[in-house]
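None of the values given here were measured: they were computed from a predicted structure. Start at 1 and go down the list; that is how both ligands and their atoms are numbered. The figures here come from the full heavy-atom set of this structure, side chains too, leaving out hydrogens, waters and symmetry mates.
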Amino acid sequence: MWSEQLPRMLVNSYNCSEHPTKKANRISVWSVSFFALIISLITVNTLQAAESVKSVRFWQAPDSTRIVFDLSGPVSHQAFLLVNPTRLVVDISNSNIGINLDKVDANSSLIKKVRSSKPPKSGVSRVVFELNQSVSVNSFVLKPYQQYGDRLVVDLTNKNSQSQKVESYSINKKLSTNRNVIIAVDAGHGGEDPGALGPKGTLEKHVTLAIAKKLVSKINAMRGYEAFLTRTGDYFLKLRKRTGIARTKKADLFVSVHADGFHSPKPRGASVWVLSESGSKSEIGRWLLQSEKSSELLGGVEAVSLQGKDKDVTKILLDLSMDYSIGASFDIAADIHRKLYKVVPKMHKKFVEQEAFAVLKNPDIPSVLVEAAFISNPKEEKLLKSAKYQSTLAKAIGDGIKQYFTKNPPEGSYLALLADNKPIRYVVRRGDTLSDIATRHNTTISAIKKANKMRSNVVRLGATLLIPRA
Ligand SMILES: [Zn+2]
């Protein structure tokens with residue numbers, strides 16, 4: 001067994017409270033009288049009342065793994081890496097491990113094995129993760145929030161992540177003259193953040209991923225399009241990371257899929273949202289805004305600095321909105337809304353809704369948020385779970401996207417090429433001859449006759465002719 005006694009690389013440490021040992025030492029200096037001795041004993045007792053590690057959970061993402069320790073109370077900790085062999089050591093002060101670590105299955109491509117190790121001093125729990133490759137580490141604690149108690153979070157990120165692949169991808173896109181229209185499909189929530197909860201216990205994060213996956217395959221089956229998921233499994237992604245992925249992959253559109261939750265079971269219906277500077281402040285909108293905030297509080301690094309600071313929440317949402325193009329977003333949302341309207345039992349509102357998630361300053365990716373239905377409504381919860389209904393929703397959203405981009409093909413895209421090749425429609429005016437029309441459009445009489453299946457050279461006033469492009 002190799003030793004974990006000498007941390008060679010101290011990566012991160014976080015102290016959420018003053019170390020109890022220091023308190024004990026300070027008090028023992030003046031423990032000369034009987035009275036002081038009693039105080040000292042009390043302090044020692046406090047030290048022994050350690051927090052316990054109740055469970056360890058893992059969330060596997062493509063390039064990273066999040067380790068979450070569920071704790072009985074707040075702790076201070078240190079997380080560092082050791083090499084030969086590569087391993088992560090987590091020291092949790094004033095704690096004991098309430099579970100059998102040998103039975104913990106990390107189910108992660110980065111982690112080989114979890115075990116305990118000899119602590120550097122008494123009262124410290126040392127947990128060792130044997131790793132498959134070199135990683136970078138970020139660790140922080142989270143205060144109790146909603147269903148969670150105190151947590152210690154350690155994020156491991158694969159050092160050879162996919163950033164290089166992305167670069168060559170975007171270069172290809174630039175050179176291309178018939179590139180695909182690229183759609184980022186974002187499944188709301190994930191990992192530590194379950195999203196809204198249905199009365200039968202359905203979690204929004206599972207429903208959104210199922211619909212998002214179906215939407216991606218619908219879009220990929222459409223000629224001239226390609227789609228990808230921002231989150232491919234059950235793990236937490238910060239809002240900024242989601243839009244960041246879309247930006248790196250040069251997405252033409254960012255579609256976030258959610259399912260509404262409300263504090264009463266009554267509201268129902270699908271809705272389509274664009275993030276806007278100003279907009280109607282509906283109650284549902286405020287609720288939605290709150291749930292985004294809640295999402296970051298449940299799983300985000302920002303959670304540490306966010307609690308009780310509304311300004312900072314706004315800043316995150318503001319950052320998110322930098323990527324949003326209001327005009328295009330609104331048009332796409334309207335096309336999706338129209339398609340959904342035909343297939344869902346009810347739309348929550350007649351029109352696309354807008355909410356001040358953020359101020360839209362320098363938009364570069366049109367973005368739309370679809371609330372598939374109300375998971376808090378028993379009937380809609382059932383619908384959301386059904387694979388058939390998920391497909392219906394995905395198809396409607398895909399059709400809406402198609403409708404928009406057929407009308408507005410991005411420059412250099414296959415769709416733009418297709419639009420360019422379409423014949424011009426020309427309405428015959430008084431005095432026109434077929435020869436005039438052909439000359440004006442830089443084509444021949446026979447080409448026009450062929451395109452319109454004409455037998456003679458006579459053109460009728462007011463008739464529409466298809467003029468092939470030269
Ligand atoms: Zn949501």
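Residue His258 approaches the Zn ion (ligand 1) most closely through its N/O/S atom ND1. Restricting Glu204 to its N, O or S atoms, the one at the least distance from the Zn ion (ligand 1) is OE2. Looking at His189 and the Zn ion (ligand 1) together, the shortest N, O or S contact belongs to NE2.
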Please output the side-chain donor-acceptor pairs of residues 383-390 that fall under 3.5 Å, not counting sequence neighbours, one pair per line with the distance.
{"from": "Ser386", "atom 1": "OG", "to": "Lys388", "atom 2": "N", "distance (Å)": "3.4"}
{"from": "Ser386", "atom 1": "OG", "to": "Tyr389", "atom 2": "N", "distance (Å)": "2.9"}
{"from": "Gln390", "atom 1": "OE1", "to": "Lys214", "atom 2": "NZ", "distance (Å)": "2.9"}
{"from": "Gln390", "atom 1": "NE2", "to": "Leu384", "atom 2": "O", "distance (Å)": "2.9"}

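Counting non-hydrogen atoms of neighbouring residues, nucleotides and ligands closer than 6.0 angstrom, the NZ atom of Lys241 reaches no more than 12 such neighbours.
In summary, no N, O or S atom of Glu371 is located under 2.8 Å from the Zn ion (ligand 1).
A 4.5 Å side-chain heavy-atom check between Ile397 and Asp399 finds every atom pair outside the cut-off.
Proximity of the aromatic rings of Phe69 and His77 is defined here by a centroid distance below 6.0 angstrom, and this criterion is not met.
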